[in-house]
Structures are given as structure tokens and as C-alpha cells.
Amino acid sequence: MGRTENFERWLAHVKEADLLEELESIRGNEEEIHDRFYRELEFGTGGLRGVIGAGTYRMNVYTVAKATQGYSNYLTKTVKTGSASNPSSSASVAIAYDSRNKSDLFAMTAAGVFAANGIQVYLYQELMPTPCLSYAVRALCCDGGIVVTASHNPAKYNGYKVYGSDGCQITLEAAEAILNEIDGVDVFDDVKSVDFEQGCESGAIQFIDQNVTTGFIDAVSERALNPSEIDKDVSIVYTPLNGTGRYPVTRCLRENGYTQITIPAEQEMPDGNFTTCPYPNPEIREALEVGLKKAKEIGSDLLLATDPDCDRVGVAVAKGDGEYQLISGNQMGILLFDYICRTRQANGTMPKRPVAVTTIVSTKMIDQIAKHYGVEVKRVLTGFKFIGEQIGFLEEQGEEDRYIFGFEESYGYLSGGHVRDKDGVNASLLICEMFAHYKAKGRSLIQVLDSLYEEYGYFQESLQSITFEGASGAKKMADLMEKFRTEPPADIAGYKVLGVKDYEKGVGELPRSNVLEFNMEQDVNVLVRPSGTEPKIKMYYLVKGSSEAQGKSIVSSLEEYFTNVCG
């Protein structure tokens with residue numbers, strides 16, 4: 001079906017006033033029609049993610065319903081009901097949603113489709129973080145789940161993450177099978193749906209009990225290490241960036257003794273427009289400006305910020321000169337890993353043959369620290385689902401307790417098996433504990449980080465993302481990856497390439513993935529991959545310098561090289 005024909009079909013079938021108005025506004029505009037209808041919104045291991053609006057390449061109630069119908073078909077075919085593992089007479093799913101525009105509408109739309117397909121739905125009554133969805137899937141023995149979120153993307157985006165019965169985001173194989181089902185669904189003719197209120201009245205849609213949320217908070221609290229010398233009367237500024245973290249993070253911190261919590265009023269309550277932080281990504285300073293202003297105002301040494309679905313945490317700490325230093329995802333991963341190892345060894349809770357899990361694009365400094373503490377490090381592909389998968393493997397062997405920590409460079413952390421995704425609530429509690437522990441000893445997190453660099457070496461990491469918008473951008477990204485793959489450079493920014501790992505061909509036991517790794521002289525490493533959720537190519541720079549300044553200089557030269565190559 002051609003774009004124009006598809007556009008006219010949508011005009012004839014769409015009932016929602018806002019979508020109809022948008023479609024009418026682009027009538028005759030071939031460029032706009034092309035952008036909305038030139039392809040389907042891509043479904044991958046991350047589910048769906050796209051700009052909110054009308055069309056096949058947009059997030060709307062129709063694309064959400066089509067994806068849900070495909071997922072329902074997959075569950076109906078694969079879930080064996082009435083078995084020992086699933087004694088129910090039907091498959092079941094859990095649903096959560098964040099503060100983004102139309103998240104609640106998309107969640108109710110999905111619930112209606114699941115219910116019409118005979119799948120029992122458990123839905124949170126209010127917006128909840130992504131890790132709460134992972135917890136609910138396992139706590140309620142569901143066969144899968146979804147959370148409606150676009151993580152840290154700007155306000156114009158929304159998305160739809162899909163989870164398996166293990167509480168992890170779906171595997172590559174499951175994603176492919178679900179995609180095959182989605183491809184066979186006509187968006188207007190094949191989707192089954194019941195009215196949300198009718199689904200609730202019949203019991204096909206049930207709200208998740210508050211006890212599940214309490215169970216999640218209790219499970220996070222069990223991850224606290226609680227050294228006896230900690231003085232928890234420390235000032236903390238926390239911002240949920242208008243997302244889902246306000247209730248679970250503050251409740252968890254207060255129940256664990258941290259009561260001096262200040263939330264900037266303008267970022268406290270849910271706001272899908274993210275008025276004070278247009279790009280609600282805790283990795284960037286602009287998103288933290290409101291929180292930094294409040295921290296300076298009250299003299300707090302610690303700022304925490306969780307992204308809208310509260311699975312990632314950004315941190316800034318006072319430098320002592322009235323300014324604040326942002327801690328990167330790799331740096332916080334190292335700080336937490338060292339703190340967990342140090343504390344668990346001291347209080348006798350370190351398991352035998354401990355395991356930490358990180359990704360191929362995260363800092364190599366973890367290997368040096370792990371060697372010091374006798375911890376095995378497993379590296380997995382990018383995406384926290386692969387870290388969660390490793391916890392599952394340990395659980396199958398009866399060795400889940402060996403897992404002590406997992407992190408990825410994109411500000412995701414997890415110190416226990418209570419969920420199988422990165423957890424901003426768990427991370428917030430651990431960070432506050434670590435901060436208070438060192439503060440009681442007269443040390444700042446910056447001083448601790450500097451001491452780790454002095455002991456293990458000056459590792460430096462950076463992520464560079466280059467955006468390629470629209471249909472032409474997707475092709476350019478594919479062409480660039482093909483060129484890197486078939487004509488690899490002999491040197492990059494003056495550093496001789498010693499070897500290239502092509503993860504698409506398979507590296508070790510890892511699944512195949514569209515990632516290239518260039519290993520160069522002088523401990524310089526670059527990994528290149530297209531984003532699975534955004535129109536970007538990402539370059540990860542992992543280097544080790546003789547000093548912090550030299551490491552930053554190497555990274556700058558790499559950034560300049562790839563800016564020119566990808567420009």
C-alpha cells in the first residue's frame with residue numbers, strides 16, 4: 001500500500017479528534033505524509049519508541065493497539081496455561097506507565113486489547129517506575145508485561161517496553177517472534193479490543209494491589225548495607241524530573257532513615273511536557289539545573305535526579321567551592337562497585353565466587369577493581385536486559401546470591417535480583433548510603449573517586465551520539481556502519497588499529513549484534529553501534545591515560561575524528 005493510499009485509509013478510519021485534526025493539517029503535504037507513513041514504527045527488543053502523533057511511524061492508540069495485538073497473539077501461542085508453571089486458565093500480563101503525554105491512554109488501550117484476547121491484565125492504578133513493572137511481573141507470576149515510557153527522550157516521544165515472564169525485557173528471539181505476529185496484524189481490521197471500563201467490571205482488567213508496591217520497596221530496602229557508623233541525617237536534594245520517581249524514591253529513602261530530602265517544587269509532580277527540563281536526561285547538566293539551583297540554595301552536598309521512568313539516576317556532588325561536579329554513569333558504577341565490595345568484605349556478607357555484570361561499552365576500570373576483590377566480571381551486550389539475563393542464569397543454577405552488582409554506562413545500576421532491569425530506586429538508596437558513609441569519614445565522593453584513579457589508573461570514558469533524522473538519516477546510518485565494517489580504518493585519530501571485533505559475526509558466547517569494536521595502541525578502544533531506540537549512531541570511547549588530562553585529550557581527538565567521518 002502506498003503512502004498516499006495509507007494516509008487516506010487512516011483518514012477514513014481514525015475516530016480520535018486530535019489525530020484527525022493532525023491528518024487533515026498535512027493533507028497535500030507530501031513531505032509530512034512521507035515522514036508519517038513511509039514505514040511502520042519499528043518494534044525491537046526495546047519494544048516501540050517514537051514521536052507521538054498520527055500515522056504508521058508515530059506513537060498513537062492505533063500503533064499501540066497493533067503492537068499489543070501482535071504481542072497477544074504471541075502469548076496465546078506460546079504460553080501453556082493450566083500447567084504447573086501457569087496454573088491459570090489464561091495468560092497474564094502486568095502494565096505500568098510513566099508521566100509522559102498519553103502514557104495513561106496508551107496503557108488503557110493496551111489493557112483493552114489484552115483483555116479482548118483473553119489475557120488477564122494487572123495494571124498499576126497510578127504511574128510507576130519501570131523497575132516496579134519488572135517486579136510486578138515476577139511477584140504476580142505474569143507471563144509478560146509492558147511499561148509505557150520513552151525513558152529520557154524529549155516530551156514529543158513516547159514508547160512501549162515489552163517484558164518476559166522473567167521480568168527482563170524480551171530476548172532477541174522473542175522480539176523477532178512478536179514482530180512476525182505484529183506484521184500480520186492489520187491496524188484497523190485485526191485488532192480486538194474491549195472498553196476499558198467494561199474490562200474492569202468483568203475482572204479481565206484488575207488494578208495491582210498496593211501490597212505489590214510495598215513488596216518492591218521492602219525488596220529494595222533489603223539491599224541496603226547499612227554500616228553502623230553511618231549518620232543518615234544528611235541533606236539530599238532529589239528531583240524526579242517530573243516523572244515517576246517521587247513516591248517510591250522518597251518513600252524508600254525515608255523508610256531507611258534519610259529524612260532530609262528536598263524536592264524542587266517545579267519538578268516534583270508529573271508533567272509530560274517537562275517544562276523545566278525539555279530533555280529529561282539525568283546524564284546532561286541542563287536537566288539538572290533546577291536541582292543544582294536548589295542544592296546551592298540550601299547548601300546540600302548531594303543531588304539525585306531520576307529520569308521519567310525512574311530506572312536511571314544522575315548525581316552531582318558539591319566540590320567545596322560552591323560549585324557541583326556531575327558524576328558520570330561509569331564513575332558512579334565504579335564508586336558503587338568498590339563500595340559494595342569493600343563493605344560486604346568488611347561485614348562478612350560477600351558471597352563465595354562473587355559476580356558483577358557490566359556491558360561491553362562500559363568502563364574497563366571495573367576489571368582492575370574486581371581483580372583486587374576477587375570478583376568475576378561478566379560482560380554482555382548493551383542493554384540492561386542482558387544483565388538481568390545473567391541473574392536469571394545464576395538463579396537457574398541456584399547461585400543467584402553470587403550476583404552482587406550490575407551497571408551500564410548509561411546511568412543504570414542494580415545490586416540485587418529483586419528486579420531484572422536497572423532500578424533507580426535501588427540505586428538512589430545505595431548512593432545515599434555510600435555518600436553518608438564517606439561523609440561520616442570526612443571524605444567526599446569526588447575524593448573517593450580520585451583515590452580510585454590513583455590506585456587503579458586514569459580511565460576515561462565518553463559517549464558521542466550523532467543524530468540522523470528521517471528516512472534519509474536511517475539510510476545514512478546503515479551506509480556508515482557498512483563502510484566501517486567493510487573498509488575499517490587503519491588508524492583512528494592517529495592511533496593505529498590493532499584489531500576489530502565485529503559483534504554481528506559473533507564474539508565469544510554473546511548474541512550477534514550490530515556493534516563494531518576498534519582496539520588500538522596505547523589502551524585506546526572505540527565501540528560503534530546504531531541506537532536501537534533513537535535515530536543515532538553512538539561511539540563509546542574507552543581509554544586509559546597517564547593522567548586525567550591526557551585521557552580527556554585522547555577522547556577529544558576521537559570525538560573530532562568521528563564528527564568529521566560521520567558529518
Starting from the C-alpha separation in whole Å, work towards a yes-or-no answer on salt bridge (Lys or Arg N to Asp or Glu O under 4.0 Å) for D218 and R223. CA-CA 9 Å; D218 290 345; R223 307 264 60 87; over 6 Å; no

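- R246 and S99 share no side-chain donor-acceptor pair at under 3.5 Å.
- Of the inter-residue distances, the one linking S531 atom OG with I537 atom CD1 reads 10.5 Å to the nearest 0.5 angstrom.
- When atom types are taken as modelled, the side chain of S25 and the backbone of E22 share a donor-acceptor pair closer than 3.5 angstrom.
- A salt bridge between E42 and R49 is absent, with no side-chain N of the basic residue lying under 4.0 Å from a carboxylate O of the acidic one.
- Residue P264 comes nearest to K294 through the heavy atom pair CG-CB, 4.1 Å, listed as atom of the first residue, atom of the second, then distance.
- A salt bridge between E461 and K364 is absent, with no side-chain N of the basic residue lying under 4.0 Å from a carboxylate O of the acidic one.
- A 4.5 Å side-chain heavy-atom check between V121 and Q206 finds every atom pair outside the cut-off.
- Here the closest non-hydrogen pair linking S328 and Y411 is CA-OH, 3.3 Å.
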Applying side chain to side chain donor-acceptor pair (under 3.5 Å), run through T359 and E408 and close with a yes or a no. CA-CA 6 Å; T359 68; E408 60 184 2; 5.5 Å; no

Does the side-chain contact (heavy atoms from CB on, under 4.5 Å) test come out yes or no for T276 and N242, once each step is laid out? CA-CA 9 Å; T276 60; N242 301 118; 3.7 Å; yes

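- H418 and F216 have tilted rings, their planes meeting at an angle from 30° to 60° on a 0 to 90° scale.
- Across all their heavy atoms, P129 and P248 have their closest contact at CG-CG, 3.6 Å.
- Side chains of Q260 and S300 form no contact here, defined as non-hydrogen atoms less than 4.5 Å apart.
- Y541 is not listed as a side-chain neighbour of N525, based on a closest heavy-atom distance of 4.5 Å or more.
- Remark: side-chain polar atoms of S235 are not paired, donor with acceptor, to backbone N or O of I298 under 3.5 angstrom.
- The closest side-chain donor-acceptor pair between S165 and D143, if any, does not fall under 3.5 angstrom.
- Classification of K161 and D311 as a salt-bridged pair holds, one side-chain N sitting under 4.0 Å from a carboxylate O.
- Of all non-hydrogen atoms in Q267 and P240, the two that sit nearest each other are O-CG, 3.3 Å.
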Worked verdict on N256 versus S221 for side chain to side chain donor-acceptor pair (under 3.5 Å): CA-CA 7 Å; N256 282 276; S221 298; 2.9 Å; yes

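- Salt bridge annotation for R420-E389: absent, with no cationic side-chain nitrogen under 4.0 angstrom from a carboxylate oxygen.
- For the pair K293 and E297, the salt-bridge criterion is not met [side-chain N within less than 4.0 Å of a carboxylate O].
- Distance alone, capped at 3.5 Å, places no donor-acceptor pair between the D209 side chain and the V212 backbone.
- With hydrogens and angles left out, the side-chain atoms of E559 and S462 include a donor and acceptor closer than 3.5 Å.
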Take V543 and L558 through the side-chain contact (heavy atoms from CB on, under 4.5 Å) test and state the conclusion after the steps. CA-CA 10 Å; V543 306; L558 295 171; 4.1 Å; yes

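- Y540 contributes atom OH, which lies 8.5 Å from atom OG of S362 (distance to the nearest 0.5 angstrom).
- Within 6.0 Å of atom CD in E289, more than 12 heavy atoms from other residues, nucleotides or ligands are found, so the atom counts as buried in its surroundings.
- The aromatic rings of Y279 and H152 lie tilted to each other, with the angle between the two planes from 30° to 60°.
- More than 12 non-hydrogen atoms from other residues, nucleotides or ligands lie less than 6.0 angstrom from CD of Q210.
- In this structure, the side chains of S415 and I340 come closer than 4.5 Å at one or more pairs of heavy atoms.
- N226 and K232 share a side-chain donor-acceptor pair at under 3.5 Å.
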Applying side-chain contact (heavy atoms from CB on, under 4.5 Å) to R254 and I261, what does each step give before you reach the verdict? CA-CA 8 Å; R254 289 189 174 110; I261 306 167; 3.8 Å; yes

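- Atom CD1 of I230 sits about 13.0 Å away from atom CG of D233, to the nearest 0.5 Å.
- For the atom pair CG of L430 and CG of L414, the computed distance is 9.5 Å after rounding to the nearest 0.5 Å.
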Hey, mind stepping through Y453 and Q460 against side chain to side chain donor-acceptor pair (under 3.5 Å) and telling me if it holds? CA-CA 10 Å; Y453 283 139; Q460 187 76 30; 5.5 Å; no

Does the salt bridge (Lys or Arg N to Asp or Glu O under 4.0 Å) test come out yes or no for E40 and K66, once each step is laid out? CA-CA 11 Å; E40 299 277 336; K66 176 177 178 176; 3.3 Å; yes

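- For the pair R100 (side chain) and N153 (backbone), a donor-acceptor distance under 3.5 Å is present.
- Using a 4.5 Å heavy-atom cutoff, the side chains of Y122 and I95 are not in contact.
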Any chance you could lay out the side chain to side chain donor-acceptor pair (under 3.5 Å) test for E433 and Y339, step after step, and finish with the verdict? CA-CA 10 Å; E433 179 182 311; Y339 174 72; 2.7 Å; yes

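- For the residue pair D309 / T130, a side-chain donor-acceptor distance below 3.5 Å is found, with atom types taken as modelled.
- Proximity of I334 to M365: side-chain heavy atoms (C-beta onward) are separated by under 4.5 Å at one or more points.
- Summarising the geometry of S103 relative to N158, their closest heavy-atom pair is OG-ND2, 3.1 Å, with the distance given to 0.1 Å.
- Here the CZ atom belonging to F386 is positioned 8.5 Å from the OG1 atom belonging to T171, to the nearest 0.5 angstrom.
- Taking K385 as the reference, nothing meets the salt bridge (charged side-chain N to carboxylate O under 4.0 Å, His left out) condition, with sequence neighbours excluded.
- Counting heavy atoms from C-beta on, the side chains of T358 and R379 come closer than 4.5 Å.
- For the salt bridge (Lys or Arg N to Asp or Glu O under 4.0 Å) condition, the pairs that include at least one residue of residues 270-284, sequence neighbours left out, are E283-R312.
- Residue E268 holds its CD atom at 10.0 Å from OH of Y238, rounded to the nearest 0.5 Å.
- In this structure, the side chains of D423 and Y413 stay at 4.5 Å or more apart for every pair of heavy atoms.
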Before giving the answer on side-chain contact (heavy atoms from CB on, under 4.5 Å), spell out for Q464 and F562 the whole-Å C-alpha distance, their side-chain angles and the decisive distance to 0.1 Å. CA-CA 9 Å; Q464 181 180 18; F562 279 98; 3.8 Å; yes

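- No side-chain donor from either of T63 and Y160 sits under 3.5 Å from a side-chain acceptor of the other.
- Tested against E255, the residues I217, T214, L429 include a single side-chain contact (heavy atoms from CB on, under 4.5 Å) partner, I217.
- For the pair S134 (side chain) and G167 (backbone), a donor-acceptor distance under 3.5 Å is present.
- Summarising the geometry of F337 relative to A356, their closest heavy-atom pair is CE1-CB, 3.7 Å, with the distance given to 0.1 Å.
- Counting heavy-atom neighbours within 6.0 Å of K439 NZ, excluding the residue itself, gives a total of 12 or less.
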